[in-house]
Amino acid sequence: MQPGGTRQPLPQLRRGVLEFCVLSLLRGDALYGFDLVRRLSEVDGMVTTEGTIYPLLSRLRRDGLVSTSWQESQSGPPRRYYAISAEGRRALSVFISEWRRFRDSVDALLLGEADEHGQADG
Amino acid sequence: MAKLMADPVVEEYLGRLYSAARVLPEDERRELVDGIAGHISEARESGAVTDEAGLRTLLDRLGDPADIVAAARDVDAAGDGGVGPYPAPGAPVFRAPGAGREILAVLLLTVGSFLPVLGWLVGVVLVWTSNRWKTGEKLLATLVFPGGSFLAIWVGVLFTSSTQSCSSSGSVAADGTVSKTAETCTSTGFSFPERIGIPLVLGWIVLPIVVAIVLLVRARARAALEPPVLVAPRPPGSK
């Protein structure tokens, strides 16, 4: 890809887990797009291109993981609200348990390596 | 909204987005552009954006329209169970294998037999050259459709319309009453008794339809298990 360049694994990783972060935010009240994007952006390193959340929301809706409804807004045009569906909750809880295992395994490998290097250097 | 659309910076941005999104299905394209337009309008309503510099920061954070559309295609690919993203112009197009040949074969064996012998014959050749049926099914297709459904109808027409001619002889009496003395009917041609003939012809018509449905369902099920086939590269610029 980039000769001699650094690999960039994080964008790919982020893409994979972003939809579950969106679902997590929707576990409480329904949110409208702008509000949802703002909350996601407040989390460090979560979103680099805010516009990409919208196609993701469309796909979650098509997959039945979220439902949408239009609600009047006091300040402007109607807003499209997103709410998590029962299926979305199921998908999220499956992901959470898988994520924990995966995260622990990666941590174990990465931190193990780091310790070895630390000893070699020291 | 009018104020929003009147802003040349926003207008230009949404124009680029709409244009880049032409590779998406029409409803997704509209939903995407509506979503982003709504986002910009909300940001301004919320007071987060007050001047042109703020507006440019907002658009920067939303990202380049091309990147947003690329992400839309990415999530489509992730969500559709591996059929692939909407292809870029010029990229190869894959699709699930169809069972067109098998459908044609069954059509020829049934409806195609309206063209006596020839339509059915071509159907039989198609059946035996298909790899989606087992030998037993091929035999079934060949033997249950002998001559095809329409042959049954032709035969049915032939047998039931065997010509019948009747002649009566009688005399007219002086008071005007007719007295019939004899009526003779003669049939020419061979005819099954109706009790046997009608069920036989109906069976000949119905059975092939049942077999046709079974064969089609099996062919399609087997086709669905095959890997996607490369259709053709899309001509550049096509939707």
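Since the model is a prediction, treat every value here as computed from it, not as a measurement. Residue numbering restarts at 1 for every chain, and letters A, B, ... go by the order of the sequence lines. Computation of the quantities below employed the complete heavy-atom set of this structure, encompassing side-chain atoms and omitting hydrogens, waters and symmetry-equivalent molecules.
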For A:Asp29, I'd like to know if atom CG has over 12 heavy atoms of other residues, nucleotides or ligands within 6.0 Å. no

Open item on the list: Could you check whether any side-chain heavy atom of A:Leu18 comes within less than 4.5 Å of a side-chain heavy atom of A:Leu56, counting everything from C-beta outward?
Closed with: yes

Item to complete: State plainly whether the residues A:Arg38 and A:Glu50 are in salt-bridge range, i.e. N to O under 4.0 Å.
Response: no

From the list B:Leu17, B:Asp67, B:Ile36, the residue making the most non-hydrogen contacts under 4.5 Å with chain A is B:Ile36

Review point. Taking NZ, NE, NH1 and NH2 as the nitrogens, is one of them in B:Arg56 or B:Asp60 under 4.0 Å from a carboxylate oxygen of the other?
Key: no

Honestly, the part of A:Val47 sitting under 4.5 Å from a heavy atom of chain B is neither

Ordered numerically, the heavy-atom neighbours of chain B under 4.5 Å found in residues 92-105 of chain A are none

If one checks every heavy atom of B:Glu31 against chain A at 4.5 Å, the contacting part turns out to be side chain

Applying salt bridge (charged side-chain N to carboxylate O under 4.0 Å, His left out), run through B:Glu137 and B:Arg222 and close with a yes or a no.
CA-CA 13 Å; B:Glu137 289 160 355; B:Arg222 284 177 194 139; 2.9 Å; yes

Original post:
Taking everything shown except B:Arg220 itself, do over 12 heavy atoms lie less than 6.0 Å from its CZ?
Top reply: no

Exercise. Does some side-chain heavy atom of A:Arg79 sit less than 4.5 Å from a side-chain heavy atom of A:Gln71?
Worked result: no

